[in-house]
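As structure tokens, the structure follows; a few thoughts come after it.
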Amino acid sequence: MNSGVEPLAVAVSDVLFCHWPIDEDAAEAVVPPWLSPDALAGSAWASVVALRMDRFDAFGLPVREGLEAVNLRTYVRGPSGDRGVYFRSLDATDRLAVGTARRLFRLPYHRARIDRSESGGKTTVLARRCDGSGAGVTATFSPEGDPDPPEPDTLHSFLTERYRYFTEGPLGTRLVGSVGHEPWPLQPVDATVEVDGLLSAEGIETDGDPLYHYSPGVRIRIGPPGPVRSTAAGRRRDGEV
């Protein structure tokens, strides 16, 4: 990082965010015990994000271009109260990209077949995991209006403006990594989404209607994970978003 070389940089575009409220108690069951679900207005959240990876670079070297990906994440606070995301799964179409991210960044990547098509002004994403489970997502969407960054202290910013991720290393090592990007430009979207077993495969049950966002994309810089520092009272302290 000090040399200016980014360990992982991904330029993403044509992004669909699909957010579902989930029960706070149920959310505790799908994150490690050292993390706390981050709730807003009495509800925890889980999100499926479908996106195109226009460029995938590792340590300044191009790895792949033109990949498709779908990730499933929850919203958490670390032992020191810092806000972040915890990925239940990340599915991508390329074996090399999946192996690189899984090995270097300790993220739960899976290979998947993801097809994206456009017709009549609508985009359709059909994703299926390659492990034989059939877990995936089918989404058809069409953005509306103009993109703008989310207003601070809103549900929109709560769900999108996250700048750290938590994960686990060998023997349950507690790890946290940084995520850098400009604020997501968001706009309304007309969407129809079927999760096709993806949520249930990760033990997640929804507790209400989904909320959708669309973004034309951002460039994301991801730092390698390091050990988590904790404090006894940290879970009750507000962290930066």
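Everything numeric in this text was worked out from a predicted model, so none of it was measured.
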Closest approach of [X] to [Y] (non-hydrogen atoms, all atoms of both residues):
{"X": "Asp57", "Y": "Pro62", "value": "OD1-CA, 3.2 Å"}
{"X": "Val15", "Y": "Gly217", "value": "CG2-CA, 4.3 Å"}
{"X": "Tyr86", "Y": "Val31", "value": "CD2-CG1, 4.1 Å"}
{"X": "Ala44", "Y": "Asp23", "value": "CB-O, 4.4 Å"}
{"X": "Pro185", "Y": "Ser215", "value": "O-OG, 2.7 Å"}
{"X": "Leu175", "Y": "Pro225", "value": "CB-CB, 3.7 Å"}

Can you tell if the side chain of [X] reaches within under 4.5 Å of the side chain of [Y], non-hydrogen atoms only?
{"X": "Thr138", "Y": "Val125", "value": "no"}
{"X": "Tyr163", "Y": "His181", "value": "yes"}
{"X": "Val85", "Y": "Val76", "value": "no"}
{"X": "Asn71", "Y": "Leu107", "value": "no"}
{"X": "Ile204", "Y": "Leu72", "value": "yes"}
{"X": "Glu194", "Y": "Val137", "value": "no"}
{"X": "Asp54", "Y": "Val12", "value": "no"}
{"X": "Leu51", "Y": "Asp14", "value": "no"}

Asp94 with Arg111: basic N within carboxylate O range, under 4.0 Å
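No, this pair does not count.
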
Ionic contact status for Asp196 with Arg128, cut-off 4.0 Å:
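Salt bridge: yes.
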
Please, which pairs that meet side-chain hydrogen bond (donor to acceptor under 3.5 Å, both in side chains) have at least one residue in residues 140-151, sequence neighbours excluded?
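Matches after skipping sequence neighbours: Thr124-Thr140.
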
Start with the C-alpha gap between His19 and Phe17, add the side-chain angles, then the distance that decides, and say whether ring-ring contact (aromatic ring centres under 6.0 Å, His included) holds.
CA-CA 6 Å; His19 313 286; Phe17 292 92; 5.8 Å; yes

Evaluate the side chain to side chain contact (heavy atoms under 4.5 Å, CB included) criterion for residues Trp20 and Leu211: first the C-alpha distance (whole Å), next the side-chain angles of each, then the deciding distance (0.1 Å), finally the verdict.
CA-CA 6 Å; Trp20 285 270; Leu211 170 67; over 6 Å; no

Do Ile22 and Tyr212 sit in one hydrophobic cluster, given that two such residues count as connected whenever their side-chain heavy atoms are within less than 4.5 Å of each other, even indirectly?
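In one cluster: yes.
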
Hphob cluster co-occupancy, Val193 + Leu126, side-chain heavy atoms under 4.5 angstrom:
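No, separate clusters.
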
Pair listing, salt bridge (Lys or Arg N to Asp or Glu O under 4.0 Å) test, anchored in [range], at least two apart:
{"range": "residues 33-45", "result": "Asp38-Arg77, Asp38-Arg83, Asp38-Arg162"}
{"range": "residues 177-193", "result": "Lys122-Asp190"}
{"range": "residues 204-219", "result": "Glu6-Arg219"}

[Y] versus [X], side-chain donor and acceptor atoms under 3.5 Å:
{"X": "Asp131", "Y": "Ser133", "value": "yes"}
{"X": "Tyr75", "Y": "Arg73", "value": "yes"}
{"X": "Arg106", "Y": "Thr173", "value": "no"}

Could you grab the distance from atom [atom1] of [X] to atom [atom2] of [Y], nearest 0.5 Å is fine?
{"X": "Ile114", "Y": "Leu67", "atom1": "CD1", "atom2": "CG", "value": "9.0 Å"}
{"X": "Arg164", "Y": "Ile222", "atom1": "CZ", "atom2": "CD1", "value": "14.5 Å"}
{"X": "Trp34", "Y": "Arg174", "atom1": "CH2", "atom2": "CZ", "value": "7.0 Å"}

Quick one: do Trp184 and Glu161 satisfy side chain to side chain contact (heavy atoms under 4.5 Å, CB included)? Show the steps, please.
CA-CA 7 Å; Trp184 285 96; Glu161 296 308 302; 3.4 Å; yes

Just say parallel, tilted or perpendicular for the rings of Phe87 and Tyr165, cut-offs at 30° and 60°.
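Judged by the thresholds at 30° and 60°, the geometry between Phe87 and Tyr165 is tilted.
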
Between Phe141 and Tyr214, how do the two ring planes meet: parallel, tilted or perpendicular, split at 30° and 60°?
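Ring orientation of Phe141 relative to Tyr214: tilted.
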
How would you list all residue pairs meeting ring pair (Phe, Tyr, Trp, His ring centres under 6.0 Å) that involve residues 107-128, not counting sequence neighbours?
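Checked against ring pair (Phe, Tyr, Trp, His ring centres under 6.0 Å) - neighbours excluded - no pair reaches residues 107-128.
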
So Arg221 and Ser178, side chain to side chain donor-acceptor pair (under 3.5 Å) or not? Walk me through it.
CA-CA 8 Å; Arg221 304 170 304 280; Ser178 63; over 6 Å; no

Side chain to side chain contact (heavy atoms under 4.5 Å, CB included) for Ser89 and Leu198? Distances and angles first, verdict last.
CA-CA 9 Å; Ser89 66; Leu198 183 60; 4.2 Å; yes

Who pairs with Asp115 by salt bridge (charged side-chain N to carboxylate O under 4.0 Å, His left out), at least two apart in sequence or on another chain?
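If we apply the salt bridge (charged side-chain N to carboxylate O under 4.0 Å, His left out) test to Asp115, skipping adjacent residues, the hits are Arg113.
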
